[in-house]
Amino acid sequence: MKRDALSPANWTPRTWAMAVGLAILALLPGYVELTGATFYLDLASRLMILGIAAVSLNLILGHGGMISFGHAAYLGIGAYSVGIPAYYEIHNGFIQIPIAVACSALFALITGAICLRTKGVYFIMITMAFTQMVFFAFVSIEEYGGDDGLVIEMRSEFAGLFDIEDATRLYYFIFASLLATLYLVHRITRSRFGMVIEGARGNERRMHAIGYDTYRYRLVCYVIAGAICGFAGALLGNFTNFISPEMMDWTASGELIFMVVLGGTGTLFGPILGAAAFVLLEEWLSAITIYWHFLFGALLILVVLFWRGGLYGLVDWIGRAAWRKRS
Amino acid sequence: MAQALLTVEDLYKSFGGVTATDHVDLQVIPGEIHAVIGPNGAGKTTLVAQLSGELRPEAGRVTFDGRVITNLPAHARARLGIARSFQITSLMLDMTARDNVALAVQAHAGHSFRFWADARRDRDLADTALVGLEEVGLADRADQTARIMSHGEHRLLEIAMALATKPRLLLLDEPMAGMGVEEAQRMIGFLAGLKGDKSMLLVEHDMDAVFALADRITVLVNGQVIASGAPDDIRRDEAVRRAYLGDEMVDASGSAD
């Protein structure tokens, strides 16, 4: 039996969900062009940036079982890596983005080396504590606006080759980044390295017994996730043209966890669905009531109680139900 | 006596006021099956944990193949060639049987900082894993998630994973625990087949198994070695009979469990 997994005839409901989702994102600027509803472009840009952040969190949380409650630190570090150089009139993205990725990786390496020596609720608390440290550090730096934040006058430009000043161009830059992130994470999770990460989540004791120093693998995974999220932070700074410590508030870290859990932990595209649900619900519910966080919480409880697989799991279920009906 | 593969000297470990390992001396000769028996609470599992590196002894020395490993962590010992099975099944339950064994193969195929190629399409890993599953008779279960497999299959999978690391010493902590008679017989047969090929330290309650398999037996009571020797000597040993085996062991066929 030879099945071509790439042929649409053999796609699973999940693959379809991902293909449709990405197709909508790819075609959205065209729709916006026709209707002039630029608002959707903004919404989808934010969705994709948070999606990249959620995908990176999912790498450690879903695949690695490391429940970090401080992942928003990297959004902040990435955004300030654009904002601070811009403050000194350095707008070159080829400088800003490597700074964002390198600083995030370094922060992940240093804090991860400590955090990963703890387990369970201690890990959750210590990751949060480190992020709070960064948060208060930026609050206290008056030069960069303190808690008022900093306006980024000009978006990254790439050594005169191209810039992302135009909203549609920024959109496609973010979209391409999203695709690259998904592919990267897809490869990592299926690699030998990914198997070790998965195994360490399942049974660390057994992994030690067969010869893995799981600490080292987890630390590298933690650094990769931090670096990707730092990149998302650089996009976020460019997108909002404004940065403030609020980006790395502990609630922002909570929201990233929310997206991962709502979308489906340990799945490739789930966090994107989670980010989409988050951004869209936030938009719609906040128009209805100022107590929208309450409805949000209720939704999360329902998902955790009754739908462990998250939205991505729901896609599977609907897909199978539809298949049964057809045959 | 041949050069010992594993030498334990004067090992000591206590928990609070309770002495779990009380100055234990022990040797495993290459190719032999060395059984450790003793009543519940004698400190057998604690001993295995100190040999595998999960627990650090407070005093004493463990030497493996001429190298002092007393302070090496579990993963480093595994890389030197010490594999273990757990008394309570310890697997990656959300993974398939094949992935469980493949991970064990991968652990001894260089480092795993390889981020790009699909591990499941790696023929070296997959084929070796399948051979390992065949050896314990689980080949037809390769693609089952470990969680849904039976207890007996879990025990076999434990052994397959341990063997997949190509160990020189197997630490087997009650491999027959919780098995039915038939399954236990199958396991005994399998371990007997490995005899001479692999050195083993076998902790077991099942006396039939111990006397069927062991070349030498060490008896542990309250963390102390009260006797050590060939099965026939152990069976005749007065102190052992009093402390552990009971009168039923007077005839060779008896089982204490």
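This structure is a prediction, so every number in the text was calculated from the model and none was measured. Just so we're on the same page: letters track the sequence lines, and every chain starts at 1.
- Looking at B:A76, there are no atoms closer than 4.5 Å to chain A (heavy atoms on both sides), in backbone or side chain.
- Going from atom CE of A:M207 over to atom OG of B:S90 covers 11.0 Å, rounded to the nearest 0.5 Å.
- A donor-acceptor contact shorter than 3.5 Å links the side chain of A:R187 to the backbone of B:W116.
- B:H111 touches chain A through backbone and side chain together, each having a heavy atom under 4.5 Å away.
- To the nearest 0.5 angstrom, B:R84 atom CZ is 5.5 Å from A:R205 atom CZ.
- Contact count against chain B (heavy-atom pairs under 4.5 Å) is highest for A:D213 among A:T214, A:T189, A:D213.
- Atom CZ of A:F94 sits in a crowded spot, with more than 12 heavy atoms from other residues, nucleotides or ligands closer than 6.0 Å.
- Contact of B:L125 with chain A is made through the side chain alone, with heavy-atom distances under 4.5 Å.
- Rounded to the nearest 0.5 angstrom, A:I210 CD1 and B:N100 CG are separated by 8.0 Å.
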Yes or no on side-chain contact (heavy atoms from CB on, under 4.5 Å) for B:R114 and A:S191, after CA distance, side-chain angles and deciding distance? CA-CA 6 Å; B:R114 299 181 195 180; A:S191 69; 5.7 Å; no

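- Heavy atoms of A:V220 lying under 4.5 Å from chain B belong exclusively to its side chain.
- The line from CZ of A:R206 to CG of B:L91 is 6.5 Å long, rounded to the nearest 0.5 Å.
- The candidate from B:L103, B:D94, B:L171 with the greatest count of non-hydrogen atom pairs under 4.5 Å with chain A is B:L103.
- Counting non-hydrogen atoms of other residues, nucleotides and ligands closer than 6.0 Å to NZ of A:K119 gives a total above 12.
- How far CG of B:D118 is from CZ of A:R192: 11.0 Å, rounded to the nearest 0.5 Å.
- Heavy-atom neighbours of chain A within the stretch residues 53-75 of chain B, taken at a separation under 4.5 angstrom, comprise B:E54, B:A74, B:H75.
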Does the pair B:M92 and A:E198 meet the rule for a side-chain contact (heavy atoms from CB on, under 4.5 Å), with working shown? CA-CA 9 Å; B:M92 273 65 85; A:E198 202 86 34; over 6 Å; no

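- Contact residues of residues 45-52 of chain B toward chain A are absent (heavy-atom distance under 4.5 Å).
- In this structure, A:F193 CZ and B:F113 CZ are separated by 6.5 Å, a value rounded to the nearest 0.5 Å.
- Heavy-atom neighbours of A:R14 CZ from other residues, nucleotides or ligands within 6.0 Å: above the threshold of 12.
- A donor-acceptor distance shorter than 3.5 angstrom exists from the side chain of B:R79 to the backbone of A:G211, with no hydrogens or angles considered.
- By the 6.0 Å contact criterion, CD1 on B:I88 is open, its count of non-hydrogen atoms from other residues, nucleotides or ligands being 12 or less.
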